[in-house]
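These notes are about the structure you will find just below.
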Amino acid sequence: PPPPPPTGGGSSSDSSDDDVPLSKLQPQKKAAPPKKKRPPPPPSSSSDDDDDDDSDDSDSDEPVAKRKPAPRRRSAPKKRVVESSSGSEGEEEFDFDRDDSDDSDDVPLATLARKKSAGGAKKSPARKPAARKAPTASARSKKQKGGEAEQAFYGTLRGKLLQEFLRRWWYAYDWPSQAAIDKEPEAGFESLVAFPGVHICTLEGDERFGKVQDHRDHASSPCFLNFYKRPSAELKELCLKAFEVQMAQLLKAEPDNERYINKLKREQRDVERVDADKADREAVAAVREYERARK
């Protein structure tokens, strides 16, 4: 006989479950949620946007926890034109006050120190020192020429005799005169011990205070100008007399100073060997040159 018709939904569901394999009756795993993409960083420039888009496409398959933020490129500070208070043309300055704070970190301190204020005045250029002209031969004074001629004269035999005499003239030549030494100073003046024949005013409040009175005869003073024309024989005699007196005083004061005594003896022998006539003939040209330089 045919089966009876079903009486309810429960019997049909039970019969359908019997036909399902046991492996399919196990609870199915829930599907993993879709991966979330990291929102792109705020754009800093057009080049950054292009770089960020490329990096997002290549890194979108990686987990969010493992992905590192892409490094941001820092753009150079923009320039702006600032008008100076003096009315001159505007000056270019870097704009360091932008909202992008990362850009100012890359600016060197030296650049920040050179930043000028908007109303600052310009510094005036430093003046170059004027070039000095080198003195020419024609600009030299007569005194310089005379000094050179004097040095040339000392290279002659007479010049050597004169030089030895001027080194020790006080041992053989009396100057100043005794009359100049014995002259009494005027009221308010005093004698200078180191310079016999010279007086100086020491009276305070006097209009002559500090004034010097020189009673010495400079026409006969022991100097080059007064002795370079003298015969070589006279200069040689004065030199030998000065050596003799100096040696006597040295042996009396310092008899054990053999070093200086021997030095004086060598210099004295050099003077004794000088031929006075030859020295006079040699000095003619040197004297003429010196007198020409003094004119």
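Along the sequence shown, the residues carry numbers beginning at 1.
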>> Between N262 (side chain only) and E258 (backbone N and O only), is there a donor and an acceptor less than 3.5 Å apart?
In response: yes
> Would E272 and R269 pass as an ion pair if we require N to O under 4.0 Å?
Replying inline: no
> Yes or no on side-chain contact (heavy atoms from CB on, under 4.5 Å) for E267 and E164, after CA distance, side-chain angles and deciding distance?
Replying inline: CA-CA 9 Å; E267 294 175 352; E164 293 295 341; 4.1 Å; yes
> Which atoms form the tightest heavy-atom contact between G159 and Y154, and what is the distance?
Replying inline: O-CD2, 3.4 Å
> Backbone N or O of A233 within a donor-acceptor pair of the D277 side chain at under 3.5 Å?
Replying inline: no
>> Under the rule for side-chain contact (heavy atoms from CB on, under 4.5 Å), what residues qualify as partners of V284, not counting sequence neighbours?
In response: R288
> Is a side-chain donor or acceptor of K236 paired with a backbone partner of V274 at a separation under 3.5 angstrom?
Replying inline: yes
>> Pairing donors with acceptors under 3.5 angstrom, does anything connect the side chains of N226 and S220?
In response: no
> Is atom CD of E237 surrounded by more than 12 heavy atoms (other residues, nucleotides or ligands) closer than 6.0 Å?
Replying inline: no
> Does a side-chain heavy-atom distance below 4.5 Å link F243 with R168?
Replying inline: yes
>> Are the side chains of L203 and F189 in contact, using a 4.5 Å heavy-atom criterion?
In response: no
> So D217 and S177, side chain to side chain donor-acceptor pair (under 3.5 Å) or not? Walk me through it.
Replying inline: CA-CA 8 Å; D217 182 15; S177 64; over 6 Å; no
>> Test of understanding: clusters of I, L, V, M, F, W, Y form through side-chain heavy atoms closer than 4.5 Å, transitively. Do Y260 and V245 belong to the same one?
In response: yes
> So do the side chains of L240 and V271 get within less than 4.5 Å of each other, counting heavy atoms only?
Replying inline: yes
> Within a reach of under 6.0 Å around CG of D174, are more than 12 heavy atoms found that belong to other residues, nucleotides or ligands?
Replying inline: no
> Roughly how far apart are Q246 CD and L251 CG, rounded to 0.5 Å?
Replying inline: 10.5 Å
> Does K211 reach the side chain of I200, with side-chain heavy atoms less than 4.5 Å apart?
Replying inline: no
> Looking only at heavy atoms, what is the nearest atom pair of S232 and A279, with distance?
Replying inline: OG-CB, 3.4 Å
> Are R208 and E186 within salt-bridge range, i.e. N to O under 4.0 Å?
Replying inline: yes
> In Å, rounded to the nearest 0.5 Å, how long is the span from CG of L250 to NZ of K263?
Replying inline: 11.0 Å
> When you measure from the side chain of D214 to the backbone N and O of V198, does any donor-acceptor pair fall under 3.5 Å?
Replying inline: no
> At what distance, to the nearest 0.5 angstrom, does CD of Q213 lie from CD of E190?
Replying inline: 12.5 Å
> Which of parallel (below 30°), tilted (30 to 60°) and perpendicular (above 60°) describes Y173 and W169?
Replying inline: perpendicular
> With a 4.5 Å heavy-atom cut-off, do D280 and R158 have their side chains touching?
Replying inline: yes
> Can you name the residues that form a side-chain contact (heavy atoms from CB on, under 4.5 Å) with K160, not counting sequence neighbours?
Replying inline: none
> Within the side chain of R230, is there an N or O that forms a donor-acceptor pair under 3.5 Å with the backbone of L235?
Replying inline: no
> Are any of the side-chain heavy atoms of H199 and H215 separated by less than 4.5 Å?
Replying inline: yes
>> So, taking the atom named CG in L157 and the one named CD in E282, what distance separates them when rounded to the nearest 0.5 Å?
In response: 4.5 Å
> Measuring from L238:CG to F227:CZ, what's the distance to the nearest 0.5 Å?
Replying inline: 6.5 Å
> Does the salt bridge (charged side-chain N to carboxylate O under 4.0 Å, His left out) test come out yes or no for R294 and E291, once each step is laid out?
Replying inline: CA-CA 5 Å; R294 291 186 60 202; E291 292 179 347; over 6 Å; no
>> Please find the pair of heavy atoms, one from P176 and one from A180, that lie closest to each other, and give the distance.
In response: CB-CB, 4.3 Å
>> Measuring centre to centre across the rings, with the benzene-like ring taken for any Trp, is Y290 within less than 6.0 Å of F224?
In response: yes
> Should R216 and F195 be marked as a side-chain contact (heavy atoms from CB on, under 4.5 Å) after you check the CA-CA gap, both sets of side-chain angles, and the distance that decides it?
Replying inline: CA-CA 10 Å; R216 300 171 300 177; F195 301 93; 4.2 Å; yes
> So, for L161 and C239, which heavy atoms are closest and what is the spacing to 0.1 Å?
Replying inline: O-SG, 3.0 Å
>> I'd like to know whether E244 forms a side-chain contact (heavy atoms from CB on, under 4.5 Å) with Y171, so could you lay out the CA-CA distance, the side-chain angles of the two residues, the decisive distance to 0.1 Å, and finally the verdict.
In response: CA-CA 9 Å; E244 182 180 354; Y171 293 114; over 6 Å; no
>> Between K265 and M247, does the side-chain contact (heavy atoms from CB on, under 4.5 Å) criterion hold? Intermediate values first, please.
In response: CA-CA 8 Å; K265 288 181 179 180; M247 183 70 69; 3.7 Å; yes
> Any sub-3.5 Å donor-acceptor pair from E204's side-chain atoms to F209's backbone N or O?
Replying inline: no
